[in-house]
2 protein chains.
Amino acid sequence: MEAPYQRIAADLRRRIQAGELAPGDKTPSTRAIARDFGVALATAVRALAVLKEEGLVEGRPRSGTVVAATLSRPRRHPGAVELTRERIVREGIAIADAEGLGTVTVRAVAARLGVSAAAIYRHVRGRDDLVRTMADLAYGAERYQDVTLGRRDRLEMVARTLWRIYRRHPWLPHLAPLGRPLPLPGVLRHGEQLLLALDGLDLDPATAMTIDVLLYAYAQGLAVHVEREAQAMSATGLSSEQWLDTQGGTVNAVVAAGRAPLLAKLIGELGADGYDFDLDRLFEFGLQALLDGLGIGNAD
Amino acid sequence: MEAPYQRIAADLRRRIQAGELAPGDKTPSTRAIARDFGVALATAVRALAVLKEEGLVEGRPRSGTVVAATLSRPRRHPGAVELTRERIVREGIAIADAEGLGTVTVRAVAARLGVSAAAIYRHVRGRDDLVRTMADLAYGAERYQDVTLGRRDRLEMVARTLWRIYRRHPWLPHLAPLGRPLPLPGVLRHGEQLLLALDGLDLDPATAMTIDVLLYAYAQGLAVHVEREAQAMSATGLSSEQWLDTQGGTVNAVVAAGRAPLLAKLIGELGADGYDFDLDRLFEFGLQALLDGLGIGNAD
DNA sequence: ACCTGAACACCGTTCAAGT
DNA sequence: ACCTGAACACCGTTCAAGT
């Protein structure tokens with residue numbers, strides 16, 4: 001008679017050995033396992049502990065459990081791919097996209113390239129340099145076609161392009177500077193398109209700069225929450241809506257203490273479905289309000 | 001990762017703690033530091049400021065800086081202040097305000113309280129718990145008076161209150177969650193005031209929630225840049241405008257390559273004074289546009 | 001009951017030594 | 001020329017041992 005945790009461990013072991021879960025992939029979180037297999041959290045923890053013991057998976061302190069790198073870690077040998085700055089930067093982006101900026105360590109990048117940490121420093125000045133170059137590459141990847149567009153249409157288009165970039169790289173909005181623009185070609189590209197839309201509006205230059213910066217900051221400011229969503233999801237294995245469902249009780253506990261009567265009322269009115277927390281819709285809603293408020297239309 | 005001034009401060013700290021520099025000894029002068037470490041004077045000044053803050057050194061008006069007498073680090077003894085959760089959290093806030101969230105380490109908090117790092121864990125679950133409690137305290141410190149205000153006036157008032165909080169604690173906007181609101185009383189306080197302003201507008205509940213979240217996100221999104229400004233300033237010892245002055249050449253180098261002709265034109269039009277990068281004005285400008293765009297006035 | 005010292009498993013970064 | 005191993009000075013966190 002096999003215990004539940006052994007059954008679960010066996011199932012995950014099979015998926016790893018079949019390549020269904022590749023090295024570096026996240027295993028299901030303990031919460032996901034508990035839900036899917038219909039067991040207690042403690043049982044899920046136990047199942048993962050077995051695989052850890054076997055060296056098949058590794059705990060990543062604040063981001064769950066990960067399939068261990070192939071026992072013999074990738075070794076570079078004559079004829080292997082050359083270590084270049086670009087390869088390093090792309091590896092950094094891949095890690096950041098998948099697991100967040102916090103896990104982009106020089107050592108992690110090096111390990112995934114089968115190289116010592118020290119070797120990285122031949123191509124990159126340090127972690128800061130690496131991250132800044134990652135940002136330049138990410139911003140610069142999207143190109144604009146040379147089309148004629150109404151003023152407002154163009155502003156919306158640029159804002160949505162930025163939003164798309166942030167969606168793809170949720171770590172990015174945490175970096176881009178505002179006060180002291182870094183002269184990164186990848187960043188300036190978007191500013192140019194915003195100024196193109198504002199050109200001919202007969203704005204004084206300071207106002208043009210202000211609107212330029214404001215739209216940039218709006219997209220970036222909202223996008224900061226994309227990462228939070230992703231992080232929270234990977235940490236708890238729950239989506240925003242699921243979280244609200246399960247945590248509603250806790251929120252209500254505070255609310256019920258009479259500290260937040262209006263929030264309590266609103267939650268009541270929202271009913272059983274709750275609030276569909278949709279960042280994309282929120283972005284679009286705020287963008288329209290902002291452009292309306294700035295009085296910018298398509299006509300000259 | 002570590003700013004130069006922190007590296008220098010750490011080096012001096014080590015020498016003091018090792019007894020290499022005894023109480024009453026002169027520390028190297030700012031000029032000597034600047035020369036020996038190959039950094040700007042401003043950086044040397046900052047490094048010494050850190051040590052002054054820690055009470056390790058004292059400024060002697062016209063004769064430089066001197067290692068403080070209280071060499072034995074603050075020891076707790078019977079009758080000393082009790083180690084409490086609140087004291088720990090307040091120390092964390094003090095560090096974050098002065099030097100950024102990145103320098104809020106469990107070990108740093110412990111050292112400044114004259115206690116071992118392990119002792120902290122008796123009052124706080126870990127670094128995450130510490131930081132979250134710091135946020136709750138910071139958000140909750142501002143209270144609202146029970147006044148009657150027009151709808152729009154109240155929304156502006158709440159937004160400006162949030163802005164003031166972020167100004168005081170530039171690390172704060174990097175934390176507050178949006179997708180999954182933490183049931184922190186300090187955070188809910190502000191949401192209540194926003195809902196109070198929206199109440200009676202006959203909005204469907206989802207729209208009310210959206211506007212609530214949007215205003216919150218707008219203030220927070222722009223405030224993210226406050227920290228960047230502060231960090232950059234403390235790292236380089238230059239203000240935004242000074243930075244633009246010195247780095248203008250670099251920006252222009254990219255701009256002059258013809259990659260950003262409109263930015264080039266705008267910079268030209270701005271003239272010698274350049275762009276006065278004023279976050280407060282930017283915040284106010286965007287806030288008005290947003291509320292205009294939402295069609296919210298003071299009348300019912 | 002409260003705190004510490006030591007340990008563990010991590011970081012970024014440097015540098016002499018190897019190939 | 002390129003890369004590594006080892007080291008240094010840091011992290012967060014745990015835990016047996018001390019007072």
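In the text below, chain A, chain B and the rest are named by the order of the sequence lines, each starting its count at 1. Quick note: numbers below take in every heavy atom, side chains included, and nothing from hydrogens, waters or symmetry partners.
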Could you please name the option among [options] that lies closest to any side-chain atom of [X]?
| X | options | answer |
| --- | --- | --- |
| A:A118 | C:dC15, C:dC3, C:dT13 | C:dC15 |
| A:Y121 | C:dT4, C:dG12, D:dT4 | C:dG12 |
| A:V115 | D:dT4, D:dT13, C:dT4 | D:dT4 |
| B:R122 | C:dC3, C:dC11, D:dC3 | C:dC3 |
| B:R107 | D:dC11, C:dC11, D:dT4 | D:dC11 |
| A:S116 | D:dC3, D:dC11, C:dC3 | D:dC3 |

With sequence neighbours left out, write down each residue that passes salt bridge (Lys or Arg N to Asp or Glu O under 4.0 Å) with A:R122, or none if nothing qualifies.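 Salt bridge (Lys or Arg N to Asp or Glu O under 4.0 Å) list for A:R122, sorted by chain: empty.
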The criterion is salt bridge (Lys or Arg N to Asp or Glu O under 4.0 Å); which residues satisfy it with A:R107, sequence neighbours excluded?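 Residues passing salt bridge (Lys or Arg N to Asp or Glu O under 4.0 Å) with A:R107: none at all.
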From [atom1] of [X] over to [atom2] of [N], roughly how many Å is that when rounded to an integer?
| X | N | atom1 | atom2 | value |
| --- | --- | --- | --- | --- |
| A:L130 | C:dC11 | CG | P | 14 Å |
| B:I88 | C:dC2 | CD1 | C1' | 12 Å |
| B:L83 | C:dA1 | CG | C1' | 13 Å |
| B:R87 | C:dC2 | CZ | P | 15 Å |
| B:L113 | C:dC3 | CG | C1' | 14 Å |

Which nucleotides of DNA chain C pair, in dot-bracket form (Watson-Crick or G-U under 3.5 Å, | meaning another strand): ||.|||||...|||||.||
May I ask you to decide if A:G92's main-chain N or O and A:R112's side chain share a donor-acceptor pair within less than 3.5 Å?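 Flag not set: sc A:R112 to bb A:G92 has no pair under 3.5 Å.
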When you measure from the side chain of B:R87 to the backbone of B:E82, do you find a donor-acceptor pair of N or O atoms at a distance under 3.5 Å? yes
What is the nucleic acid contact for B:R127, judged by heavy atoms within less than 4.0 Å: base, sugar-phosphate only, or nothing? sugar-phosphate
Side chain to side chain contact (heavy atoms under 4.5 Å, CB included) partners for [X], two or more places apart:
| X | answer |
| --- | --- |
| A:D129 | A:R85, A:V124, A:R125, A:R132, A:T133 |
| A:A108 | A:I95, A:T105 |
| B:I165 | B:E142, B:T161, B:H169, B:L172, B:H190 |

Earlier contact from the 5' end, DNA chain C, for A:R125 and A:A108: A:A108
With DNA chain C as reference, determine whether A:G126 or B:H123 sits nearer its 5' end, using the nearest nucleotide of each. B:H123
